[in-house]
Enquirer: 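Here it is, the structure, as structure tokens.
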Amino acid sequence: MSDAYSSGNRAQIIFVKLKALNHPFYKKIVKYIMAVEGRTNVKIDFSTPAGELFLATVIAGQFHLNLFHDLSFTVSNIDMDHFGNNMDAGLFHGISELTRPNNTDLTEAELNTSIMFNAMAFLLIFPHHYFDPKINILVKMDATSFAEQIFTIHVKEILDPYFNIEIFTQKTMGYVVKPDVLVSTALFVDKSIDPDHQIFVKPQLDFNDSLYLREFMTRITKEKNPEIFDV
């Protein structure tokens, strides 16, 4: 569909017409929307720009499959487990679980196309790491609480766009949450945490530290989801 169909509630008009026609498209679209809302516990508002574009993208996926199902498109041949160098394997695995039950009539290539469109729609509303396991990070810093707070904010800014994380300090961690990772500026090992899950960085968090943190968290994410990732 043209990009114009993502504005001026055109997608909603098409959606209503498909419903009136009792078109198979409508049933599949509704089932996917219900699956997403059930999984995320979020009611999607189609009157918002993101919600309208979400609906337009899902509808476009159904049109694409109907018009070009017998052609071999690059998108149909993507190996979902390796898409984006494994960075989004969790996303495609999760969307696959929401898409497959309602598309048993599709070939594997057609299913991958449907998953791709559904994933693009999903990303309009939810973070790409939504389906990734949460990583609980404990920050330790031999400095004032004010400096530790600034350091924690910088760590969050580096990691939050890419990973499903929650960051704690010793004051906020308490005994409720067990940390998966220790991020520290001091070169000492915390015996209560697996040494392989401890990373040491500079207080100023330079460019190399940022890369190191992201590489480290990628490994931890893969460890927590071995059935999805090529470890």
Side-chain angles (χ1 to χ4, degrees), residues 1-84 86-134 161-162 164 225 227-229:
M1 297 199 314
S2 165
D3 289 343
Y5 284 87
S6 65
S7 62
N9 81 337
R10 288 179 176 87
Q12 293 181 67
I13 293 171
I14 294 173
F15 189 54
V16 171
K17 287 187 175 181
L18 290 173
K19 179 181 180 180
L21 292 169
N22 195 28
H23 201 287
F25 282 13
Y26 176 78
K27 295 176 182 178
K28 286 196 173 186
I29 293 166
V30 168
K31 286 180 179 179
Y32 177 67
I33 292 171
M34 290 177 63
V36 170
E37 291 179 337
R39 176 66 171 79
T40 62
N41 201 29
V42 172
K43 184 69 175 175
I44 300 171
D45 185 357
F46 300 134
S47 66
T48 65
E52 179 80 18
L53 191 54
F54 172 93
L55 184 59
T57 305
V58 176
I59 293 173
Q62 291 298 322
F63 275 116
H64 177 96
L65 285 171
N66 187 65
L67 293 172
F68 308 118
H69 66 89
D70 57 339
L71 298 181
S72 178
F73 282 89
T74 303
V75 70
S76 300
N77 298 319
I78 287 177
D79 182 343
M80 294 301 178
D81 291 336
H82 296 277
F83 182 80
N86 271 348
M87 286 300 293
D88 289 320
L91 168 67
F92 286 103
H93 180 80
I95 297 299
S96 176
E97 289 185 332
L98 299 180
T99 304
R100 281 181 182 274
N102 304 316
N103 290 279
T104 55
D105 56 316
L106 300 182
T107 67
E108 195 66 24
E110 290 170 341
L111 182 64
N112 281 351
T113 299
S114 183
I115 291 170
M116 177 63 74
F117 274 97
N118 287 347
M120 288 190 294
F122 187 89
L123 290 176
L124 293 166
I125 301 175
F126 304 99
H128 73 93
H129 51 61
Y130 181 89
F131 296 98
D132 290 345
K134 179 177 285 188
Y162 305 100
N164 185 7
N225 247 356
E227 73 278 8
I228 297 175
F229 295 91

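Computed from a predicted model, the values in this text were never measured in an experiment. Every heavy atom of this structure was used, including side-chain atoms; hydrogens, water molecules and symmetry mates were not.
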Enquirer: Write down the atom of Y162, the atom of H129, and the distance for their closest heavy-atom approach.
Expert: C-CD2, 3.4 Å
Enquirer: As an exercise, state the distance from CD1 of I59 to NE2 of H64, rounded to the nearest 0.5 Å.
Expert: 15.5 Å
Enquirer: Quick check for you: to the nearest 0.5 Å, what is the distance between K27 atom NZ and N102 atom CG?
Expert: 12.5 Å
Enquirer: Would a distance-only check, ignoring hydrogens and angles, find a side-chain to backbone donor-acceptor pair under 3.5 Å from E110 to L65?
Expert: no
Enquirer: Does D132 offer a backbone N or O that forms a donor-acceptor pair with the side chain of N164 under 3.5 Å?
Expert: yes
Enquirer: Tell me, please, which residues at least two apart from S114 pass side chain to side chain donor-acceptor pair (under 3.5 Å).
Expert: none
Enquirer: Taking side chain as C-beta onward, heavy atoms only, is I33 less than 4.5 Å from V36?
Expert: no
Enquirer: To the nearest 0.5 Å, what is the distance between CG on L53 and CZ on F46?
Expert: 12.0 Å
Enquirer: Rounded to the nearest 0.5 Å, how far apart are CG of L98 and OH of Y32?
Expert: 6.0 Å
Enquirer: Which distance, rounded to the nearest 0.5 Å, do you find between the CD1 of I14 and the CZ of F25?
Expert: 11.0 Å
Enquirer: Specify the closest pair of heavy atoms between A121 and F54, including all atoms of both residues, with the distance to one decimal.
Expert: O-CD1, 3.1 Å
Enquirer: Please check this pair: side chain of H128 against backbone of G90, looking for a donor-acceptor N/O pair closer than 3.5 Å.
Expert: no
Enquirer: F126: what forms a ring-ring contact (aromatic ring centres under 6.0 Å, His included) with it, not counting sequence neighbours?
Expert: F122, Y130
Enquirer: Looking only at heavy atoms, what is the nearest atom pair of A50 and L124, with distance?
Expert: CB-O, 3.8 Å
Enquirer: For the residue pair R10 and E52, what are the closest heavy atoms and their distance?
Expert: N-OE2, 3.2 Å
Enquirer: Let me confirm one number: the CG-NZ distance from N118 to K28, rounded to the nearest 0.5 Å.
Expert: 10.5 Å
Enquirer: Taking C-beta and beyond as the side chain, do Y26 and L21 meet within less than 4.5 Å on heavy atoms?
Expert: no
Enquirer: Excluding sequence neighbours, so at least two apart, what forms side chain to side chain donor-acceptor pair (under 3.5 Å) with T104?
Expert: none
Enquirer: Please step through side chain to side chain contact (heavy atoms under 4.5 Å, CB included) for the pair L91 and L123, ending with a clear verdict.
Expert: CA-CA 9 Å; L91 168 67; L123 290 176; 3.9 Å; yes
Enquirer: Donor-acceptor pair, Q62 side chain versus I29 backbone, under 3.5 Å?
Expert: no
Enquirer: Ring centroids only, cut at 6.0 angstrom: are H93 and F131 within range, meaning strictly under it?
Expert: no
